[in-house]
There are 2 protein chains.
Amino acid sequence: MSTTGRGLHGQVLETLGPAITAGEYPPGSVLRTDELAQRFDVSRSVMREAVRVLESMHLVESRRRVGVTVRPKAEWNVYDPQVIRWRLAGADRPQQLRSLTMLRSAIEPAAAGLAAKYATAEQCAELTECALGMVAHSRGHQLEGYLVHDIAFHRVILNASGNEMFARLGDVVAEVLAGRTHHEVMFEDPDPAAVTLHVQVAEAVRAGDAVRAEHLTREITMGALQELDILAP
Amino acid sequence: MSTTGRGLHGQVLETLGPAITAGEYPPGSVLRTDELAQRFDVSRSVMREAVRVLESMHLVESRRRVGVTVRPKAEWNVYDPQVIRWRLAGADRPQQLRSLTMLRSAIEPAAAGLAAKYATAEQCAELTECALGMVAHSRGHQLEGYLVHDIAFHRVILNASGNEMFARLGDVVAEVLAGRTHHEVMFEDPDPAAVTLHVQVAEAVRAGDAVRAEHLTREITMGALQELDILAP
DNA sequence: CGCGATCAAAAAGTCAGACTTATATGTCAC
DNA sequence: GTGACATATAAGTCTGACTTTTTGATCGCG
């Protein structure tokens with residue numbers, strides 16, 4: 001799943017990135033390239049490449065005569081999938097999941113509305129297939145199978161919206177859904193009402209009913225938000 | 001405003017990045033690091049750093065024995081501010097503005113609703129100040145002054161939402177608003193109805209009326225969408 | 001004729017060392 | 001105290017040699 005450290009600089013990033021996003025080096029901290037290179041036992045060129053990547057994510061800023069300084073959290077590129085993964089793996093995972101769920105709640109209804117207008121016949125077919133898959137795995141502790149279809153469902157919606165910005169959130173949504181199933185322990189079967197809503201969304205999209213698709217999807221994401229509030233109010 | 005090419009690798013990126021995002025090198029194109037280094041007259045180390053940054057944006061993929069291949073558009077990190085800037089400067093600026101305006105329409109109402117719940121007294125003050133500034137510059141071809149306050153207004157809303165993901169879209173919104181004023185030529189004064197809506201949003205946020213703030217903001221962004229439809233249906 | 005193993009070339013990846021440049025900071029005269 | 005100047009520091013750059021992975025071609029065998 002996770003990109004297994006492409007090259008040496010990638011391996012360095014895999015430990016340095018999470019360390020920074022976890023706040024292990026507080027904002028304003030100063031790192032020196034040479035010291036880091038020694039610490040990770042790589043050449044300076046490799047370390048420089050790693051720093052460049054961190055810099056492009058706005059996690060750090062490299063300045064002459066001073067070093068590599070960690071930037072304040074507010075400046076990070078929090079939409080970078082890599083940064084999201086690092087943060088989800090770290091300590092503030094709950095807060096991160098909260099932010100992402102809100103983002104999801106804002107985007108997905110709009111995406112569903114657009115999908116109702118622009119979805120191809122093939123996408124409609126996929127959608128109903130996913131919904132049926134969810135129904136089939138909704139009872140009897142088949143959580144993994146349910147999750148797969150749930151993720152696929154929301155991915156299709158986002159792609160069918162025709163908006164590239166929405167489409168690129170597919171990975172984020174997948175991460176959130178997976179996180180809910182895996183981390184926050186779910187013993188019980190999914191809420192039957194949610195399953196029904198998914199089926200209805202698929203119908204609405206097929207029927208080209210934008211407002212209905214949007215409204216139903218909003219109910220789904222509102223449910224996700226309430227779920228969070230119950231877990232961590 | 002724009003980051004003036006920090007270092008040599010930055011200067012390389014400033015021409016290579018826009019070239020790639022403009023589709024000058026179609027997906028699947030293969031570049032060789034050494035050749036690029038020669039072309040830009042920089043050392044291989046510098047070019048490698050530039051490639052690493054492009055790679056972190058998922059614009060290209062570097063593989064041994066094959067070279068640096070351009071990835072399909074669908075895989076780009078379209079939320080990276082740098083990528084957004086490059087694309088806005090390029091040929092598909094209209095489509096990009098469209099995508100971003102839709103994104104805005106989805107996010108800002110939700111952000112306004114949250115702002116009504118969480119905005120501090122100081123933020124409320126800023127908000128009304130911005131709204132008044134918009135009113136003051138709404139007549140008599142003071143478009144630049146109007147723009148400044150408009151941008152500030154939406155930035156405050158996004159920050160006051162308390163959601164870091166929303167807050168980070170401040171730059172995007174600023175870019176969209178500025179693009180509308182500058183590129184799509186606006187001769188006339190802004191729509192009085194829009195100005196009024198901003199004032200009302202400020203009021204609603206101060207009053208803590210989340211649903212009203214959300215609804216009013218949705219009207220604002222709907223207006224922006226309709227504006228786009230008129231310009232490019 | 002097809003198919004798998006082997007081999008060579010190509011390009012990225014890595015490293016080490018020398019050198020350049022910007023800049024923060026301390027020093028000194030005034 | 002303030003300004004100009006000197007110095008040290010860490011990033012930035014370049015070069016050349018070497019390593020590693022991977023592709024695709026060649027060759028032998030069934």
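In what follows, chains are A, B, ... by sequence order, proteins preceding strands, each numbered from 1. The figures here come from the full heavy-atom set of this structure, side chains too, leaving out hydrogens, waters and symmetry mates.
- Contact check on B:Glu175 versus B:Arg85 returns no salt bridge, with no Lys/Arg side-chain nitrogen under 4.0 Å from an Asp/Glu carboxylate oxygen.
- Scanning DNA chain C 5' to 3' for nucleotides with an atom closer than 4.0 angstrom to a non-hydrogen atom of chain A gives a first and last hit of C:dT14 to C:dA24.
- By the 30° and 60° cut-offs, the orientation of the rings of B:Tyr79 relative to A:Tyr79 is parallel.
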**Q.** Nucleic acid footprint by protein, nucleotides 8-15 of chain D - heavy-atom cut-off 4.0 Å, B for base, S for sugar-phosphate alone
**A.** -BSBBBBB

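- Between A:Arg52 and A:Glu55, at least one side-chain nitrogen of the basic residue sits less than 4.0 Å from a carboxylate oxygen of the acidic one, meeting the salt-bridge criterion.
- A:Tyr25 contributes no side-chain N or O that, together with a main-chain N or O of A:Val30, makes up a donor-acceptor pair within less than 3.5 Å.
- Surrounding CD of A:Gln142 are more than 12 heavy atoms belonging to other residues, nucleotides or ligands, all under 6.0 Å away.
- B:Arg63 places no side-chain N or O within donor-acceptor distance of the main-chain N or O of B:Val68, the cut-off being under 3.5 Å.
- By the neighbour-count criterion of 12 heavy atoms within 6.0 Å, atom CZ of B:Phe40 is densely surrounded, having more than that number from other residues, nucleotides or ligands.
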